[in-house]
Q: 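Pasting a structure below so you can have a look.
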Number of protein chains: 2
Amino acid sequence: MRRVTEPPVLDESGLDRALDRLRQAVRRRGLKGSSVRDAIARAALQRRGHFSVDDLLKELRERGVTDVHTSTVYRVLPLLVEVGLLQMTLVSAGDGARYERAFEREHHDHLICTRCGKIVEFEVEAIEALQREVAERFGFRLTDHVHELLGTCKDCSAAAARG
Amino acid sequence: MRRVTEPPVLDESGLDRALDRLRQAVRRRGLKGSSVRDAIARAALQRRGHFSVDDLLKELRERGVTDVHTSTVYRVLPLLVEVGLLQMTLVSAGDGARYERAFEREHHDHLICTRCGKIVEFEVEAIEALQREVAERFGFRLTDHVHELLGTCKDCSAAAARG
DNA sequence: CTTCCTGCAAAGGCTTTGCAAAGCT
DNA sequence: AGCTTTGCAAAGCCTTTGCAGGAAG
């Protein structure tokens, strides 16, 4: 069992590799290139941690990329996920989708404090192995999983005990 | 690792025990009794498998309990979950909440075919133990978890291979 | 020149909220 | 009586969709 630490922001060469992957996927599917899509990918890939669609729109504006419409982001994100640049996370929160970078990033699950929102990222190879066993046992080909542990962190537990 | 089978529909005495638990919780919180709330609880507890708010409304109408408004169901469900009568599931589906009975029902996680929607319920004690270890290691008090394995079932894999 | 992409506006689907009437204790 | 619960209608939020003009190959 180990804690997975947040990686540094993707540097320029990492960004190039990511955009290459995107371009290849775009070509393979017979789609067309687009500077807007690239800008969205860049903004998403260089954001730290978890972000919502709205966060991403703000990030774009901060980068001077104005005029990118919400609906466009909604249309582009699924592709970025399929291609493996991003992944959807924090599904249990309920209020809107959250994304995080998946490209050149270790796999991990989340331990979430439901009081303060603190998030610990971890990885337990034994759990992953067991998940694969479960899928195999029931004849499934595993493509993904959602695994979030919900609880109260030490600080919040202490606060609750005091107050 | 074992498959968890769906339990039989809760019988009358089970329903009584469940409603007792609900009444006690209601009293403890200084709330008031309500036949509408009880009817919602009854309908929810006797439904098979997973259901949406809409399914529950239909179930109520089939039982002749008309006039129960959607918003009331939305207001009642959280209590039923807190009290342990129901639990929210299939979070990863995205489109609206799904519930299932939790009262006098074994804990289990879900293996879901993303093509046909087939659901296998399973339980792996080793995974549960590891989850507890993770929480402890990071100072969290675990209250819940979301654990869904997503993939393609045998039939759908075969269909995909053919077509 | 054909097909895809994008901004815009509108619609959709699920859920929440404000309010007044009705229901409990 | 005093507080909770409920139906109803309206609003909220996130997300999707239809369309027309613009961009890419």
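Quick note on labels: first sequence line is chain A, next is B, and so on, each numbered from 1.
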Q: If you find the nucleotide of DNA chain C closest to A:Leu31 and the one closest to B:Gly96, which residue's nucleotide is nearer the 5' end?
A: A:Leu31
Q: How do B:Gly30 and B:Val68 order along DNA chain D: which one's closest nucleotide is nearer the 5' end?
A: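 The residue whose closest nucleotide sits nearer the 5' end is B:Gly30.
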Q: In whole angstroms, how far is the P atom of C:dG7 from the CG atom of A:Leu57?
A: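 Computing the A:Leu57:CG to C:dG7:P distance gives 10 Å.
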Q: Would you say A:Val146 and A:Ile119 are hydrophobically clustered, going by side-chain heavy atoms of ILVMFWY under 4.5 Å?
A: yes
Q: Could you state the atom-to-atom distance from CG of A:Leu22 to P of D:dA24 in whole Å?
A: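 Going from A:Leu22 (CG) to D:dA24 (P), I get 15 Å.
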Q: Taking atom CD of B:Glu82 as the centre, does the number of heavy atoms from other residues, nucleotides or ligands within less than 6.0 Å exceed 12?
A: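 Correct, the count exceeds 12.
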Q: Looking at the base of D:dG7, is there any donor atom on it, or on the side chain of B:Arg75, that sits under 3.5 Å from an acceptor on the other one?
A: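 Yes, a donor-acceptor pair under 3.5 Å.
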Q: Can we call the ring centroids of A:His147 and A:His107 under 6.0 Å apart?
A: no
Q: Return the value, rounded to whole Å, for the distance between atom CG of B:Asp67 and atom C1' of D:dA9.
A: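 So the CG-C1' distance, B:Asp67 to D:dA9, works out to 16 Å.
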Q: From the set D:dT15, C:dT15, D:dG7, return the single nucleotide nearest to any side-chain atom of B:Val53.
A: C:dT15
Q: Is the shortest distance from a Lys or Arg side-chain nitrogen in A:Glu106 or A:Arg3 to a carboxylate oxygen in the other one below 4.0 Å?
A: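 No, A:Glu106 and A:Arg3 are not salt-bridged.
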Q: Output yes when at least one side-chain N/O atom of B:Tyr74 is less than 4.0 Å from OP1 or OP2 of C:dT15, else no.
A: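 For B:Tyr74, the contact criterion (side-chain N or O under 4.0 Å from OP1 or OP2 of C:dT15) is met.
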Q: May I ask you to say what B:Asp95 touches in the nucleic acid, namely base, sugar-phosphate or nothing, with a heavy-atom cut-off under 4.0 Å?
A: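 Nothing: the residue B:Asp95, judged by heavy atoms under 4.0 Å, touches no strand.
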Q: Check A:Asp20 with A:Arg23, please: is the shortest side-chain N to carboxylate O separation under 4.0 Å?
A: yes
Q: Can you tell me if the side-chain N/O atoms of B:Ser34 get under 4.0 Å from OP1 or OP2 in D:dT6?
A: yes
Q: Does the distance from a Lys or Arg side-chain N to an Asp or Glu carboxylate O, for B:Glu59 and B:Arg63, drop under 4.0 Å?
A: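 The answer is yes: the pair qualifies as a salt bridge.
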Q: Quick one: the dot-bracket string of DNA chain C, using Watson-Crick and G-U wobble pairs with both distances under 3.5 Å, [ ] for crossing pairs and | for bases paired to another strand.
A: |||||||||||||||||||||||||
Q: Closest approach to the side chain of B:Val36, judged atom by atom: which nucleotide of C:dT6, C:dC24, D:dT6 is it?
A: D:dT6
Q: Measure the distance from OH on B:Tyr99 to P on C:dC14 and round it to the nearest whole Å.
A: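 So the two atoms are 13 Å apart, to the nearest Å.
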Q: Looking at B:Arg115, I want to see if its CZ is surrounded by more than 12 non-hydrogen atoms of other residues, nucleotides or ligands under 6.0 Å.
A: no
Q: Distance check needed: C:dG23 P versus B:Asp38 CG, whole Å only.
A: 15 Å
Q: Let me know the distance between CZ of B:Arg37 and C1' of C:dT25, rounded to the nearest Å.
A: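 Atom CZ in B:Arg37 sits about 13 Å away from atom C1' in C:dT25.
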Q: Whole angstrom is fine here: how far is it from NE2 in A:His69 over to P in D:dT15?
A: 15 Å
Q: Can you find an N or O donor on one side and an acceptor on the other, under 3.5 Å apart, linking the side chain of A:Lys32 with the base of C:dT3?
A: yes
Q: With heavy atoms under 4.0 Å as the rule, sort B:Asp54 into base, sugar-phosphate or nothing.
A: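 No contact.
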Q: Salt-bridged, B:Arg47 to B:Glu6, with N to O below 4.0 Å?
A: no
Q: Starting at the 5' end of DNA chain C, which residue's closest nucleotide do you reach first, B:Ser35 or A:Val73?
A: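 On the 5' side of the pair lies A:Val73.
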Q: Considering just the side-chain nitrogens and oxygens of B:Ser71, establish if one lies under 4.0 Å of OP1 or OP2 belonging to D:dG7.
A: no
Q: Taking CZ from B:Arg27 and C1' from D:dT4, how many angstroms apart are they, rounded to a whole number?
A: 16 Å
